[in-house]
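Worksheet for the structure shown next.
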Amino acid sequence: MNLKQKLDNNIRLTLEDGIALYDMDLIELGQYASKIREKKFDRKTYYNVNRHINPTNICKDVCQFCAYSASRKNPQPYTLSHDEILNTVSQSVKNGIKEVHIVSAHNPETGLQWYLEVFKKIKAQYPQLHIKALTAAEIHFLSEQYNLTHSDIINMMIENGVDSMPGGGAEIFDETVRKKICGGKVTSQQWLDIHKLWHNKGKKSNATMLFGHVESRKNRIDHMIRLRELQDETGGFNAFIPLVYQKENNYLKVDKFPDAQEILKTFAISRIMLDNFPSIKAYWVTSSIKLALLAQEFGANDLDGTIEKENINSAAGANSANGMKQNEFIELIKNSGFEPVERDSLYNELV
Ligand code: SF4
């Protein structure tokens, strides 16, 4: 059976098939991805009203692509106090957020209790607020710092109010590329194992892929297939989020950046390869809002959220520092021919 026959008959694609999808005409590829998207979601596009908080940029790791960590080209270390975090949450709750998304650098000074206490305080004050916090990379870092198992950390997160896990820290699973761009932090297998543990607790998470740097198309498809295999086992992923590499203020030498066509193809291929993932998210922060809106025609059904403030990608050149207004989001989605639907963190539609 050739590739188009497989696509026409919804046959699961192999690594070689996935690589070959990149050679397909962009519009034709988009049509295949759209067909799958429309079957699942029709013209609905999800967004959520959320707040990102990045409590500290002091990091013991030195990822080559990172512009956020204070030890790199950004010389302004900071750590928010619990009061500062709670004040931010309080203001954002008044603005109508349903989720707080807390991810950070690997700061040896803040410590496990520091995190657990802030989660507990947020949950005690705002029990209705969904806490999405700690990437698998952060969980691994904390487990090493405190000589605890991943499972121990996960249990403590749940006990202290964390509801779901973000998908960060996955970068690219290929071990050679990973060693080059972020050697020293959580390995690919550890990242997958941590999400598996989390899913086995009956909890949901997301998965990311950082692309457009030194990885190959094959590396991207391999990344998707490793996620697809775990999703077959657990069914615990809500969304796959291809993150477009941001090139400013870091130390990674990249010869060629992906053009819009390559980015849109990657969204479409994600939708086709990840046949067991409900949502494909075009995270507007890294793709730009224009490409994120276009990605709706290439399989993406979710544009993430209003976020209010963002430090990690904006440090590397993304135009995201001040988030997006909800009414602006709604208008942009409507004007692009889709139906905006506010969702909660677990993809329940909010009316
Ligand atoms: S990507 Fe995260 S772990 Fe790596 S240097 Fe930056 S803040 Fe630290």
Side-chain angles (χ1 to χ4, degrees), residues 52-80 85 101-112 114-115 118 132-146 150 153 157 162 165-195 205-215 219 223 241-254 283 285-287 304 307 309-318 320-321:
H52 280 216
I53 298 180
N54 309 122
T56 177
N57 67 348
I58 298 169
C59 192
K60 73 130 188 91
D61 276 302
V62 281
C63 303
Q64 295 291 300
F65 59 81
C66 180
Y68 170 65
S69 162
S71 64
R72 311 300 294 170
K73 289 191 174 178
N74 166 14
Q76 293 168 326
Y78 74 82
T79 301
L80 302 177
I85 293 173
H101 177 126
I102 304 176
V103 297
S104 233
H106 303 167
N107 185 342
E109 300 299 319
T110 43
L112 180 59
W114 186 91
Y115 275 106
V118 83
K132 185 193 281 178
L134 296 187
T135 65
E138 290 174 283
I139 292 172
H140 179 66
F141 159 70
L142 290 168
S143 80
E144 284 199 319
Q145 282 282 111
Y146 291 89
H150 296 148
I153 305 280
M157 287 162 64
V162 177
M165 259 178 74
E171 323 309 358
I172 276 282
F173 289 148
D174 177 83
E175 279 72 13
T176 308
V177 176
R178 195 171 185 86
K179 193 169 172 195
K180 183 167 182 193
I181 66 170
C182 59
K185 80 175 183 191
V186 65
T187 67
S188 307
Q189 193 54 52
Q190 285 163 338
W191 189 98
L192 290 162
D193 289 344
I194 290 168
H195 280 262
S205 68
N206 290 332
T208 59
M209 173 180 76
L210 183 69
F211 76 102
H213 42 88
V214 295
E215 89 293 352
N219 296 147
H223 188 97
I241 313 162
L243 301 172
V244 183
Y245 167 68
Q246 306 296 306
K247 61 186 177 195
E248 308 286 330
N249 304 321
N250 68 32
Y251 287 95
L252 192 59
K253 288 202 171 29
V254 175
Y283 184 44
V285 166
T286 69
S287 63
D304 196 74
I307 73 174
K309 195 161 170 53
E310 198 275 340
N311 294 335
I312 295 175
N313 288 287
S314 54
S320 55

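Just follow the structure's listing: the first ligand is 1, and inside any ligand the first atom is 1.
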* Asked: Hey, is there an N, O or S on Cys66 sitting under 2.8 Å from atom 6 (Fe) of ligand 1?
  -> yes
* Is there a donor-acceptor pair closer than 3.5 Å between any side-chain N or O of Asn54 and the backbone N or O of Ser104? -> no
* **Under-4.0 Å heavy-atom contact with ligand 1, by part of Lys60 that carries it** => neither
* Using side chain to side chain contact (heavy atoms under 4.5 Å, CB included) as the criterion, list what pairs up with Lys179, not counting sequence neighbours. => none
* Asked: For atom 8 (Fe) of ligand 1, does an N/O/S atom of Cys63 lie at less than 2.8 Å?
  -> no
* Asked: Quick one: which ligand 1 atoms are inside 4.0 Å of a heavy atom on Ala105?
  -> 7 (S)
* **Donor-acceptor contact present, side-chain Asn250 to main-chain Phe65, <3.5 Å** => yes
* **Listed partners of Phe211 passing ring-ring contact (aromatic ring centres under 6.0 Å, His included), at least two apart** => none
* Going by the order shown, which atoms of ligand 1 are within less than 4.0 Å of some heavy atom of His106? -> 3 (S)
* Asked: Is there a donor-acceptor pair under 3.5 Å between the side chain of His150 and the backbone N or O of His195?
  -> no
* Structure fact -> So the atoms of ligand 1 within less than 4.0 Å of a heavy atom of Asp61 turn out to be 3 (S), 5 (S)
* Asked: So which heavy atom on Ile58 is nearest to which on Pro77, and how close?
  -> CG1-CB, 3.8 Å
* To do: Find all atoms of ligand 1 within a distance of less than 4.0 Å from any non-hydrogen atom belonging to Cys59, and give their numbers and elements.
  => 3 (S), 5 (S), 7 (S), 8 (Fe)
